[in-house]
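Here is how names work: the chains are called A, B, and so on, in the same order as the sequence lines, proteins then strands, and each is numbered from 1. Hydrogens, waters and symmetry mates are skipped; everything else that's a heavy atom, side chains included, is used. Worth saying up front: this structure is predicted, and the values here are computed from it rather than measured.
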Amino acid sequence: MASKPVLTPKLIVRALLIGAVVIALTVLPAFIDSYTLRIATGALMWAGLACAWNIVGGYAGYISFGHSAFFGIGAYTTAILMQSNIGASFFVTLLPAIILSIAVAVAIGGPTMRLRGAYFAIATWAFAEMLLQLATVLDFTGGTAGLSLPAYLNEFFFYYTMLIASAASFIGVWLLIERSRFGFRIKALRDDEPAAESLGIRTNLVKVQSFALSAAITALFGSIYAYWTTYIDPYSVMGPEITDQMVVMVLLGGLGTVWGPALGGVLLWITNRYIWSTFGDTVIYLPILGVIIALVVLFLPNGLISLIVGRQRGKELISRILGKL
Amino acid sequence: MSSASHKAESPEYPPLAIESVSKHFGGITAVDDVSLSADAGEVVGVIGPNGSGKSTLFSLAAGGQKPDTGKIRLQGIDVTGWPTWKIARTGISRTFQIPSLFLNMTVRDNLLAAAVEGDWKRARERMESTLEMLEISHVVDNLASELSGGQQKLVEFGRVCVRDPKVILLDEVTAGVHPNIRQIILDAIQRLRKTGITFLVIEHDMEMVKEICDRLMVMDQGKVVAEGDFDTIASDSKVQQAYLGRT
Ligand SMILES: Nc1ncnc2c1ncn2[C@@H]1O[C@H](COP(=O)(O)OP(=O)(O)OP(=O)(O)O)[C@@H](O)[C@H]1O
Ligand SMILES: [Mg+2]
């Protein structure tokens with residue numbers, strides 16, 4: 001499209017800000033201990049996961065309650081392929097993980113995304129639950145005992161891998177949603193599907209594309225996570241809290257915004273770690289998630305990001321998406 | 001240009017031909033064996049009492065709903081039963097009786113979204129000229145949800161213009177708007193019809209109908225009860241009965 005890039009002061013400030021964040025994130029590991037580095041690595045991962053969920057939940061407006069399935073598909077694909085009988089190297093496992101997650105997303109999204117959002121929400125939830133149960137009984141997933149991966153104990157490697165994956169996700173989403181035709185298609189269908197169709201937009205296709213993209217990014221993080229933790233079991237990579245956390249992070253940061261999920265992801269993950277280190281477990285964490293959802297929906301429909309950038313959009317977006325259910 | 005597409009655009013194929021379409025909803029026959037053909041640059045008014053099937057007829061033509069029987073042709077191409085997006089890309093565009101803007105998007109993005117499946121390189125240019133034609137340049141960065149009812153109608157009308165279709169269906173696009181905005185829409189229709197765009201307009205405002213429509217089709221209870229120019233229709237007893245007799 002013939003858009004003329006104009007260097008307004010606002011754009012320059014924004015570019016400087018993003019540059020500063022990138023530099024800060026790049027040099028961060030030099031200044032923190034290994035415990036904090038692990039938290040930072042986790043924060044990058046959760047920011048990326050929230051970004052992924054937001055593509056289908058915030059932009060297409062289809063609430064997925066089954067994203068843990070894609071995280072698990074990524075984790076198990078990498079773990080299985082890295083077992084000594086196959087012996088694939090880590091980076092080689094990423095492609096099959098992504099392809100498998102896309103295939104599954106198309107198989108689930110194809111039929112259910114033609115229907116109202118409630119069918120999709122239930123289908124994704126049921127599928128994730130089924131996959132979780134399967135992983136506990138199948139042999140090649142190691143059953144409830146799970147799988148161990150070859151240990152690669154280099155925290156810097158995982159920090160920078162997560163950083164690159166997360167940055168690529170955000171830049172990719174920004175380019176795709178804010179700077180390309182795909183963004184108009186997806187936002188149009190979210191806001192008014194019959195109107196979007198009447199303008200020639202192939203809504204069912206765009207919805208499935210968005211779900212597949214979202215699933216692929218989620219699986220990518222699952223793969224990295226499995227290699228990072230060196231041990232996975234069904235609940236650690238497919239438990240429903242993984243999805244819960246993604247949903248709350250997006251709502252907290254700003255549904256359907258580019259940078260909101262990053263903000264929500266980082267803040268909530270730090271909160272999670274703080275509670276864990278202070279109280280020794282995370283039992284009170286789930287009620288906190290519930291309270292956050294209620295407060296955000298009622299008082300901050302556009303999330304924390306709306307306090308920093310952009311204007312208030314009122315409650316239209318969140319009620320539109322919840323209304324789709 | 002291939003001979004096939006040349007033939008499809010020649011005068012023997014009208015831009016829009018509705019052939020004996022019917023649509024039932026449960027026990028109701030919303031549209032009952034309706035036929036209508038419109039030529040390039042023609043403005044055809046569709047009038048009739050509430051619930052007579054006008055909007056349903058538009059949905060059948062634009063693909064939002066499938067006819068139970070009958071056919072829809074665009075430039076001679078049988079598009080009956082095609083998905084809505086595909087019919088839309090064949091060159092038809094519509095507004096909705098219930099405003100259907102993308103409320104979380106700006107006016108600019110609403111118009112650009114309309115151009116997304118067309119000539120994208122010229123999208124911005126088309127958007128600018130539409131903004132100018134409809135005199136809404138000053139609200140281009142407003143969210144659609146922040147607009148007044150009349151402005152929303154204008155943007156919805158703008159969305160169909162940006163697409164550059166061959167046939168435009170307007171479902172009560174001037175209902176409840178200020179006379180100034182109504183005039184802007186009227187002028188735009190007059191201007192676009194000269195470029196060969198065909199219009200079907202559903203209107204309850206008889207002054208407007210008289211001013212812009214070349215001919216009228218009157219519906220009642222799903223059926224066509226009269227056809228002709230404004231004066232013929234105005235003196236038709238069946239029409240008077242349809243409008244006055246059942247209230
Ligand atoms: N989706 C639907 N399901 C069931 N019935 C419908 C549906 N759409 C329209 N109808 C019925 O079909 C008939 C025609 O409705 P339609 O909206 O086409 O009328 P209209 O001429 O546009 O009326 P108005 O002037 O009030 O807009 C009405 O009886 C209506 O109740
Ligand atoms: Mg109507």
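Under a 3.5 Å cut-off, the side chain of A:Asp191 and the backbone N or O of B:Leu103 do form a donor-acceptor pair.
Residues of residues 243-253 of chain A lying within less than 4.5 angstrom of chain B, judged on heavy atoms, are absent.
Within the 4.5 Å cutoff, the side chain of A:Glu197 has no heavy atoms near those of the B:Lys86 side chain.
For CH2 of A:Trp125, the number of neighbouring non-hydrogen atoms (other residues, nucleotides, ligands) closer than 6.0 Å is 12 at most. Within a 6.0 Å sphere centred on CD of B:Glu132, other residues, nucleotides and ligands contribute 12 heavy atoms or fewer. A 6.0 Å sphere centred on CZ of A:Phe170 holds more than 12 heavy atoms belonging to other residues, nucleotides or ligands. Residue B:Ile98 places its CD1 atom among 12 or fewer non-hydrogen atoms of other residues, nucleotides or ligands, all under 6.0 Å distant.
Of all non-hydrogen atoms in B:Val116 and A:Phe184, the two that sit nearest each other are CG2-CB, 3.9 Å. Summarising the geometry of B:Phe96 relative to A:Pro194, their closest heavy-atom pair is CZ-O, 3.8 Å, with the distance given to 0.1 Å. Summarising the geometry of A:Gly200 relative to B:Ala88, their closest heavy-atom pair is N-CB, 3.5 Å, with the distance given to 0.1 Å.
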For B:Glu117 and A:Arg185, what are the C-alpha separation, side-chain angles and deciding distance, and is it a salt bridge (charged side-chain N to carboxylate O under 4.0 Å, His left out)? CA-CA 9 Å; B:Glu117 305 299 345; A:Arg185 294 189 180 113; 2.5 Å; yes
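Taking CZ of B:Arg89 as the start and CG of A:Leu199 as the end, the distance is 11.0 Å to the nearest 0.5 Å. Going from atom CH2 of B:Trp85 over to atom CG of A:Asn204 covers 10.0 Å, rounded to the nearest 0.5 Å. How far CG of B:Asp109 is from NZ of A:Lys187: 5.5 Å, rounded to the nearest 0.5 Å. Rounded to the nearest 0.5 Å, atoms CD1 (A:Ile201) and OG1 (B:Thr84) are 12.5 Å apart. Atom CH2 of B:Trp120 sits about 6.5 Å away from atom CZ of A:Arg181, to the nearest 0.5 Å. Atom CD1 of B:Ile92 sits about 10.0 Å away from atom OG of A:Ser198, to the nearest 0.5 Å.
Neither the backbone nor the side chain of B:Ala62 comes within contact range of chain A; no heavy atoms are under 4.5 Å apart.
For chain A, the option among B:Ala114, B:Pro165, B:Ala115, B:Ala144 with the highest count of heavy-atom pairs below 4.5 Å is B:Ala114.
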